[in-house]
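Following: one structure in structure tokens, then a few remarks.
Every value quoted in this text rests on a predicted model; they were computed, and no experiment measured them.
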Amino acid sequence: MYAYHVVTERPMQVGQQIIFDEVNHNGVYQRVCDKMEIVKDIYSHPENYNAEKLEHHTSVALRELALEEVRKKKYSNYPSRMACLYVSKTFEEADNWAKFFAKIGRPTYHIVKLQIEGNCFIGDAAKCFEGQIEREENLRLAELYWKNETNDTDKPPVFEMLVDGKITVVEIEKEINENI
């Protein structure tokens, strides 16, 4: 399978290989691990917290941990969001993401074409929720994400493709410059 990736953290090269599996994780994993103590405290003492005032990365950790728990229990064939690469199915989708990243000031280097030997899940990023203080609510929302049913809102889906396994850069499709 082939997909496209907007390279934002450090440049990639043709032939470069990336492995995502139970041992090799992405940056989301580390950011979640950094918040484990506060997540445990939130779930042990929810009365001490206000969901609207949670720090962003704490809210993300609550969400990602719930997503991972539901994935492991019910959707284990899908890639973990903490051990995957976020890619696009088409070059056009990747190009739109590249423009968005450049617009918000995120360092953006190029769009690469990848060969993927692994699992894939195409979901709706609009279903990525703000982590809540209530664990059961996070699990309920995580189930909705992985079920991947049609939205019941007027908002169009924002497709995100998660891939894991052995990923190889086969081509640099587009160099990104300041004038994107």
Side-chain angles (χ1 to χ4, degrees), residues 1-33 60-61 63-129 141-151 153 155-180:
M1 156 180 45
Y2 292 93
Y4 299 86
H5 177 64
V6 181
V7 180
T8 60
E9 291 189 17
R10 58 186 162 274
M12 294 180 137
Q13 300 174 7
V14 172
Q16 181 176 344
Q17 291 189 339
I18 307 162
I19 305 286
F20 284 112
D21 56 21
E22 301 82 27
V23 178
N24 298 289
H25 302 97
N26 60 23
V28 174
Y29 175 82
Q30 188 56 55
R31 288 188 292 277
V32 168
C33 287
V60 169
R63 175 188 72 212
E64 295 300 332
L65 287 166
L67 285 162
E68 185 64 4
E69 184 176 337
V70 170
R71 184 195 70 81
K72 282 181 174 180
K73 284 182 184 174
K74 297 184 176 183
Y75 305 95
S76 60
N77 57 317
Y78 293 156
S80 168
R81 291 173 53 88
M82 293 190 282
C84 74
L85 190 63
Y86 293 79
V87 300
S88 299
K89 191 172 187 173
T90 67
F91 173 82
E92 292 74 22
E93 287 175 12
D95 199 39
N96 288 335
W97 280 111
K99 290 172 185 169
F100 171 75
F101 292 146
K103 182 179 174 182
I104 64 170
R106 190 170 176 179
T108 307
Y109 299 102
H110 36 251
I111 298 172
V112 295
K113 183 176 183 179
L114 305 169
Q115 180 179 6
I116 295 122
E117 299 173 42
N119 298 307
C120 172
F121 172 78
I122 299 174
D124 182 355
K127 292 181 183 173
C128 280
F129 54 94
L141 293 169
E143 176 70 27
L144 294 175
Y145 173 83
W146 291 116
K147 268 187 176 178
N148 208 21
E149 296 175 341
T150 306
N151 278 340
T153 67
K155 294 180 359 182
V158 179
F159 296 110
E160 62 179 5
M161 186 172 173
L162 287 56
V163 296
D164 67 6
K166 180 180 168 187
I167 302 164
T168 306
V169 177
V170 294
E171 187 176 345
I172 295 178
E173 291 280 324
K174 180 179 181 180
E175 295 288 342
I176 307 296
N177 60 43
E178 306 282 325
N179 303 318
I180 192 163

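- Paired with Arg81 under the rule side chain to side chain contact (heavy atoms under 4.5 Å, CB included), one option of Asn26, Leu162, Val32 passes, and it is Leu162.
- Residue Ile167 holds its CD1 atom at 7.5 Å from CD1 of Ile19, rounded to the nearest 0.5 Å.
- Atoms OG1 and NZ, on Thr168 and Lys113 in that order, are 13.0 Å from each other to the nearest 0.5 Å.
- When all heavy atoms of Glu93 and Lys89 are compared, the closest pair comes out as OE1-N, 3.4 Å.
- The minimum heavy-atom distance linking Ala83 with Phe20 is given by the pair O-CB, 3.2 Å.
- For the pair Arg106 and Phe101, the cation-pi test (distance below 6.0 Å, angle within 45°) is passed.
- The CG atom of Leu67 sits 12.0 Å away from the NZ atom of Lys127 when rounded to the nearest 0.5 Å.
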### Task
Please lay out, stage by stage, how Val60 and Arg31 fare under the test side chain to side chain contact (heavy atoms under 4.5 Å, CB included).
CA-CA 9 Å; Val60 169; Arg31 288 188 292 277; over 6 Å; no
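- Scanning all heavy atoms of the two residues, the minimum distance from Pro11 to Gln16 falls at O-OE1, 4.3 Å.
- Put simply, CG on Asn119 and OG on Ser80 are 11.0 Å apart, with the number rounded to the nearest 0.5 Å.
- Side chain of His5 to main chain of Tyr86: a donor-acceptor pair is present (N/O by atom type, distance under 3.5 Å, no hydrogens or angles).
- Rounding to the nearest 0.5 Å places CZ of Phe121 at 12.5 Å from CG of Asp164.
- Closest heavy-atom contact between Phe129 and Ala66: CZ-CB, 4.5 Å.
- Asp124 contributes a side-chain N or O that, together with a main-chain N or O of Val158, makes up a donor-acceptor pair within less than 3.5 Å.
- Crowding of Gln13 atom CD: a count of heavy atoms from other residues, nucleotides or ligands under 6.0 Å not exceeding 12.
- Within the 4.5 Å cutoff, no side-chain heavy atoms of Val170 are placed close to those of Leu114.
- Atoms CD1 and OH, on Ile116 and Tyr2 in that order, are 9.5 Å from each other to the nearest 0.5 Å.
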### Task
Give the C-alpha distance, both sets of side-chain angles, the deciding distance and a yes or no for side chain to side chain contact (heavy atoms under 4.5 Å, CB included) between Ile18 and Met12.
CA-CA 10 Å; Ile18 307 162; Met12 294 180 137; 3.0 Å; yes
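- Shown here is Glu69, whose CD atom has more than 12 heavy atoms of other residues, nucleotides or ligands within 6.0 Å.
- Residues Tyr4 and Glu171 have side chains that never bring a donor and an acceptor to within less than 3.5 angstrom of each other.
- Glu64 and Met82 make their closest contact through O-CE, 4.2 Å (heavy atoms, listed as atom of the first residue, atom of the second, distance).
- Taking the six-membered ring where the residue is Trp, Tyr29 and His25 present parallel rings, their angle staying beneath 30° rather than reaching 60°.
- In terms of heavy-atom proximity, Trp146 sits nearest to Pro79 at CH2-O, 3.6 Å.
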### Query
Would Val7 and Thr108 count as a side chain to side chain contact (heavy atoms under 4.5 Å, CB included) if you check the C-alpha gap in whole Å, the side-chain angles of each, and the deciding distance to 0.1 Å?
CA-CA 6 Å; Val7 180; Thr108 307; over 6 Å; no
